[in-house]
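Report on one structure; see the data block that follows.
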Amino acid sequence: MDEKIPRRDAINYLLGAGLVALGGATLYPVIRYMIPPKASGSGTASVSAAKVGDLKPNEGLIFKFGDAPAILVLRPGGDPYTASDYVAMTAVCTHLNCTVQYRTDLKEIWCACHNGHFDLQGRVMSGPPPAPLDMYRVAIKGNEIFVTSEKA
Amino acid sequence: MVDKKKIYNWFDERVDLKNIEKFLEHKTVPYHKHSIWYYLGGMSLFLFVLQVLTGILLLLYYKPTAESAYESVQYIMTEVPFGWLVRSIHSYAANLFIGMVFVHMFSVFLMKAYRRPRELTWVSGAFLLFLAMGFGFSGYLLPWNQLAYLATNVGTNFATMVPFIGEWLLEFLRGGKEVTGATLTRFFGFHVAVLPGITTLLLAIHVLFVQRLGMSVPVSIERQIKQGKAKRLSIPFVPNYLYRDMLGWVLAMGVIVLLSSLFPWELGDKADILKPAPPHIRPEWFFVFMYQTLKYVPKVIGVFGFAIAGLIWILLPFFDKKSNRGEPNRLYTIIGVFVIAYIIILTIIGYVAPGE
Ligand code: HEM
Ligand code: FES
């Protein structure tokens, strides 16, 4: 079935292909434009979350980690001067992205949106969240409590 | 002395006024016991125009950045003369608009007005509903208050469920990985430029279809007419029908202004990323039936269920062979009633069910 394409058809094919290429060349930068570049300097995923003494044992505090909220908790009975007595993790619930909080009465991380419970290791205890909360590392330098993303 | 005749002739020569007059004289609307539902489309149109006008007024003072959005709306509410009225009308009418489009769609469905040859009118209408919901979703964030910030976090998060391009879509909507001022600026662009543009175009197409094809007469009435049990009645569009339309608009406007005066729209607290989510948050009412469903079924099933159900809903006219032949179709009526009942019941549960 090898039919000869008449000249006019061939020209139409060429023009059509050119149009498609032009469309692609226009669309590509537009689509790329729509996603902002990574903010410069966000490679240093470490922030000062609080000062020693801001938190009493069995207390939690939400702080800004980049553009997202994160949560710092001093374990019940913990020592404010010991880094390993703190835990830090993202405060963005893995279910639908609500901001979680520390429940002093339960000694758990709690998401009010759909009643999701997490332990202080970020593991899901109950409720709809499908995955654990990302944990961060805590270090104390002088008076400041620094939180660093594990991935960094 | 101005010669009216001369002016008329001057314009007639250029824009064919006589033809327009003839067209308006001959345009009629069917009249029967269900014709009250014909007013809903016109009412939706009126409310959209009201949104455009009040929206433009809001634009005189509104500032679309995380630093000043909340303050600018506060300024509109407390300092600008009648600012509270303009903003409250915009907010009440927005909700009424979406409600009206819902009722319009369901009345059209139950009267089988989508049947041949009006399938495309139906499809364009369904997309207009989606656009209206997009307006509501994007507009909700603009005051940059705490509830809106959280609702947008939750709402945009659903984008990640879309196969393959989920992550891209999320970043496209949020203008980054998280909901920030970049999201606000983007939503502002959608809300005041992209959506109004697309909606105006689609509305024109929708109305053009309605004009080309005329109003559909329900199957039951059509049969009665054929059997000689009823007469084919109609009333002139200008001025009889238009006056009734406008009476409805004035009434709606009255209700909106009354509500705005008695209960000016709330602003809430400024968005604060350091505050945890309060219990029982829920989206705007027209998303609640979907949101509530997701509490009973796994997220994936729910999201894809609604996507597929929405698609089927748009395509239903193409499968309704019976209505196309002018026969009553009980099954489709039952489907319509079921969908309406589902939406109403789940919305109510979403509001009254005790939280955990
Ligand atoms: C169907 C059409 C529309 C709907 C459903 C809609 C909906 C909304 C909603 C729900 C809000 C938030 C109200 C609040 O809580 O303050 C809002 C705000 C706003 N809208 Fe619209 N809108 C529509 C059309 C427009 C248009 C056409 C414009 C402008 C051209 C506009 C401009 C604005 C502005 C500047 C705000 C922020 C001020 C404020 O929050 O009070 N809207 N809109
Ligand atoms: S968003 Fe946290 S439980 Fe649903």
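Every chain is numbered from 1, with letters handed out A, B, ... down the list of sequences. As the structure is a computational prediction, the values presented were derived from the model and not from experiment.
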Take B:Ile273 and A:Phe65, measure what side-chain contact (heavy atoms from CB on, under 4.5 Å) needs, and give me the verdict at the end.
CA-CA 10 Å; B:Ile273 138 167; A:Phe65 195 77; over 6 Å; no
Would you say the side chain of A:Val100 lies within less than 4.5 Å of the side chain of B:Pro276, judging by non-hydrogen atoms?
no
Considering residues, nucleotides and ligands other than B:Phe127, do more than 12 of their heavy atoms fall under 6.0 Å from its CZ?
no
Could you tell me whether the side chain of A:Ile31 reaches within less than 4.5 Å of the side chain of B:Phe172, counting heavy atoms only?
no
Just wondering, do B:Ile281 and A:Cys98 contact through their side chains at under 4.5 Å, heavy atoms?
yes
Applying side-chain contact (heavy atoms from CB on, under 4.5 Å) to B:Lys299 and A:Leu96, what does each step give before you reach the verdict?
CA-CA 9 Å; B:Lys299 201 159 70 163; A:Leu96 295 180; 3.5 Å; yes
Atom pair CG/CG of B:Asn157 and A:Asn97 - distance to nearest 0.5 Å:
3.5 Å
Has B:Tyr296 got more than 12 heavy atoms of other residues, nucleotides or ligands less than 6.0 Å from its OH?
yes
Given side chains that start at C-beta, do those of A:Thr99 and B:Leu150 come closer than 4.5 Å, heavy atoms only?
yes
I need the B:Arg282 CZ to A:Cys113 SG distance, nearest 0.5 Å.
12.0 Å
With a 4.5 Å limit on heavy-atom distance, are the side chains of B:Lys275 and A:Ile62 in contact?
no
Rounded to the nearest 0.5 Å, how far does NZ of A:Lys64 lie from CG of B:Asp272?
9.5 Å
On a heavy-atom basis, which atom in A:Pro36 and which in B:Gly176 lie closest, and how many Å separate them?
CG-N, 3.8 Å
Select one option (side chain, backbone, both, neither) describing which atoms of A:Ala68 are under 4.5 Å from chain B's heavy atoms.
both
Taking C-beta and beyond as the side chain, do A:Asp67 and B:Lys177 meet within less than 4.5 Å on heavy atoms?
no
Of the backbone (N, CA, C, O) and the side chain (C-beta and beyond), which part of A:Pro69 lies under 4.5 Å from a heavy atom of chain B, both, or neither?
both
Shortest non-hydrogen pair, A:Ile35 vs B:Trp168, comes out as CG1-NE1, 3.4 Å
